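Predicted model, so just to flag it, every value in this text is computed and none were measured.
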Amino acid sequence: MHFVSLPPRRARDCRKASLSRMDLATSAVLMAGSLLDSMKASSPRHAMSPAGADHEEWIEKHPSALEWFEGVLAAAEGKQIVMFLDYDGTLSPIVEDPDRAVMTEEMRDAVRGVAQHFPTAIVSGRCRDKVFNFVKLEELYYAGSHGMDIKGPTKVSNHKAKADEVLCQPATEFLPVIQEVYETLTAKMESIPGAMVENNKFCLSVHFRCVEEAEWDALGREVKAVLEDYPKLCLTKGRKVLEIRPFIKWNKGNALKFLLKSLGYAGRGDVFPIYIGDDRTDEDAFKVLRNMGQGIGILVTKFPKDTSASYSLREPAEVKEFMRKLVKSNGIKKG
């Protein structure tokens, strides 16, 4: 394993690549009649094991990345590791108040260590500025709004030219309508105790983690009613959150491919991307890695879930341990 830092390139086709309509099969767009069921499915209390599979069988298909760490190292041998990390539920615990999803200093040190050895990106549904304020590491790439707002490292480096420039914002034209829907939804949600609308710049999140389950149906109906007037926006789900995004072909998987290209790794067989995430939206990135036949996806979960990830970790504490072991093993090999 070796680290080669190449200057990030501004991809001129970033916006062009996003203009085709979103693939409904891979983006988990919620259809009529399925919203309440989808909201329940996002709650661990309602989570079901994959059909016909018990927990042990699921673990056999998605083994712990810690227990099988030597196997991960063997697969990455002689290749350039590139690290992609979700934020909520991966680097920080899921909390009732999204604004308090802070990461520990120990986790920050672990991420800093990984970034010293490998190109590292945070890929989150959060607004890019907000997730940067949580992580506070200038040497990373940040992809906010589910990859619709990508920016390179701001830390001065001899290896990066104009790294503080925005790399990709394929949904800029949607900013006015996103703001309009945010204001409308914020007013509508005032009647539902515990509901919260978060403006993530290029997308919106309607959090119902603190809403009584009896009110979920009403919340879902209100959201769908507002979106009926906005056909260019789509509704998807995450962990006790409804996501409103522009109806374009751009997601965390596209962000992963864009960042690999920007780093100069597109089409190369000596690259080993590692993507760690806990949410439904991370599945787009897991699928990209499977289709590439390179690297691994690691799902962070304590419950069996349908996933395209190859490995699993149970919680952020295990993510931290995995990153530390990766850094330690790279130091040993260099030595």
Side-chain angles (χ1 to χ4, degrees), residues 1-8 80-95 98-169 200-201 252 255-256 258-260 262-265 272-279 282 285 295 298 300 313 315-331 334:
M1 286 176 276
H2 55 286
F3 173 65
V4 180
S5 182
L6 298 177
Q80 171 65 62
I81 289 178
V82 184
M83 183 67 74
F84 298 90
L85 301 163
D86 181 29
Y87 183 75
D88 292 279
T90 299
L91 299 182
S92 73
I94 297 293
V95 295
D99 290 333
R100 296 188 178 185
V102 297
M103 66 191 300
T104 64
E105 285 299 327
E106 291 80 6
M107 181 67 82
R108 184 172 292 105
D109 287 342
V111 175
R112 184 184 293 112
V114 165
Q116 288 174 350
H117 293 267
F118 320 110
T120 300
I122 306 294
V123 186
S124 172
R126 298 270 200 156
C127 168
R128 175 173 52 78
D129 290 341
K130 182 174 289 186
V131 78
F132 174 81
N133 288 334
F134 279 138
V135 179
K136 300 176 181 176
L137 295 176
E138 297 181 350
E139 59 268 39
L140 309 183
Y141 290 81
Y142 288 88
S145 303
H146 297 292
M148 288 182 284
D149 189 5
I150 303 176
K151 190 174 183 180
T154 55
K155 196 169 186 177
V156 176
S157 169
N158 294 331
H159 301 291
K160 299 178 179 64
K162 300 181 179 179
D164 59 339
E165 291 187 6
V166 173
L167 292 176
C168 181
Q169 290 183 331
N200 292 312
K201 190 171 182 177
K252 290 184 176 182
L256 183 152
F258 175 82
L259 284 165
L260 287 176
S262 297
L263 286 161
Y265 298 137
F272 195 83
I274 299 176
Y275 189 107
I276 308 178
D278 76 306
D279 206 346
D282 297 308
I298 303 176
V300 183
L313 292 169
E315 57 191 357
E318 289 195 351
V319 174
K320 179 177 64 178
E321 184 179 351
F322 176 83
M323 290 190 293
R324 284 179 169 173
K325 290 186 72 169
L326 200 61
V327 169
K328 185 177 180 180
S329 65
N330 190 66
K334 284 187 174 182

J.: So, Asp282 side chain and Asp278 main chain: donor-acceptor pair closer than 3.5 Å or not?
T.: yes
J.: Write down the atom of Phe132, the atom of Leu137, and the distance for their closest heavy-atom approach.
T.: CE1-O, 3.8 Å
J.: Give, for atom CG of Leu85 and atom OG of Ser124, the distance between the pair rounded to the nearest 0.5 Å.
T.: 11.0 Å
J.: Taking the side chain as everything from C-beta on, heavy atoms only, tell me whether Phe272 gets closer than 4.5 Å to Gln80.
T.: no
J.: So does Leu326 get a backbone contact from the side chain of Asn330, meaning a donor-acceptor N/O pair under 3.5 Å?
T.: no
J.: Of all the heavy-atom pairs spanning Arg126 and Val131, show the shortest one and how long it is.
T.: CB-CB, 4.2 Å
J.: Does the Asp86 side chain pair with the main chain of Gly277, one donor and one acceptor, at a distance under 3.5 Å?
T.: no
J.: Apply side-chain contact (heavy atoms from CB on, under 4.5 Å) to the pair Leu91 and Val111, showing each step before the final yes or no.
T.: CA-CA 9 Å; Leu91 299 182; Val111 175; 4.0 Å; yes
J.: Step by step, work out the side-chain contact (heavy atoms from CB on, under 4.5 Å) result for Leu167 and Phe258.
T.: CA-CA 9 Å; Leu167 292 176; Phe258 175 82; 3.7 Å; yes
J.: Looking at Asp109 and Lys320, is any side-chain nitrogen of the basic one under 4.0 Å from a carboxylate oxygen of the acidic one?
T.: no
J.: Is a side-chain donor or acceptor of Tyr87 paired with a backbone partner of Ala101 at a separation under 3.5 angstrom?
T.: yes
J.: Is the shortest distance from a Lys or Arg side-chain nitrogen in Arg108 or Glu105 to a carboxylate oxygen in the other one below 4.0 Å?
T.: yes
J.: Any chance you could measure Asp149, atom CG, to Cys127, atom SG, to the nearest 0.5 Å?
T.: 7.0 Å
J.: Please determine whether side-chain contact (heavy atoms from CB on, under 4.5 Å) holds for the pair Asp88 and Asp279, giving the CA-CA distance in whole Å, both sets of side-chain angles, and the decisive distance to 0.1 Å.
T.: CA-CA 9 Å; Asp88 292 279; Asp279 206 346; over 6 Å; no
J.: Going from OG1 on Thr120 to CE on Met83, what distance comes out if it is rounded to the nearest 0.5 angstrom?
T.: 6.5 Å
J.: Can you tell me how far apart CE (Met323) and CD1 (Ile276) are? Round to the nearest 0.5 Å.
T.: 6.5 Å
J.: Could you check Arg128 against Asn200 for side-chain contact (heavy atoms from CB on, under 4.5 Å), going step by step and ending with a plain yes or no?
T.: CA-CA 8 Å; Arg128 175 173 52 78; Asn200 292 312; over 6 Å; no
J.: So do Val114 and Ile81 actually touch side chain to side chain, heavy atoms under 4.5 Å?
T.: no
J.: Does any part of the side chain of Lys252, heavy atoms only, come nearer than 4.5 Å to the side chain of Tyr275, both counted from C-beta?
T.: yes
J.: What I'd like to find out is whether the side chain of Lys130 reaches to under 4.5 Å of the side chain of Asp99, using heavy atoms alone.
T.: yes
J.: For residues Arg112 and Gln116, determine if any side-chain heavy atom of one lies less than 4.5 Å from a side-chain heavy atom of the other.
T.: yes
J.: Between OH of Tyr142 and CD1 of Ile150, what distance do you get to the nearest 0.5 Å?
T.: 14.0 Å
J.: Compare every heavy atom of Pro316 with every heavy atom of Val300, then report the nearest pair and how far apart it is.
T.: CG1-N, 4.3 Å
J.: Here's a test for you: under side chain to side chain contact (heavy atoms under 4.5 Å, CB included), which of Met148, Lys151, Lys201 qualifies with Gln169?
T.: Lys201
J.: Are any non-hydrogen side-chain atoms of Phe84 and Leu260 less than 4.5 angstrom apart?
T.: yes
J.: Look up atom CZ in Arg100 and atom CZ in Phe134, then write down how far apart they are to the nearest 0.5 Å.
T.: 11.0 Å
J.: Can you give me the closest heavy-atom contact between Thr90 and Met107, atom names plus distance?
T.: O-CE, 3.9 Å
J.: Can you see which heavy atom on Pro119 is nearest to which on Tyr265, and at what distance?
T.: CG-OH, 4.0 Å
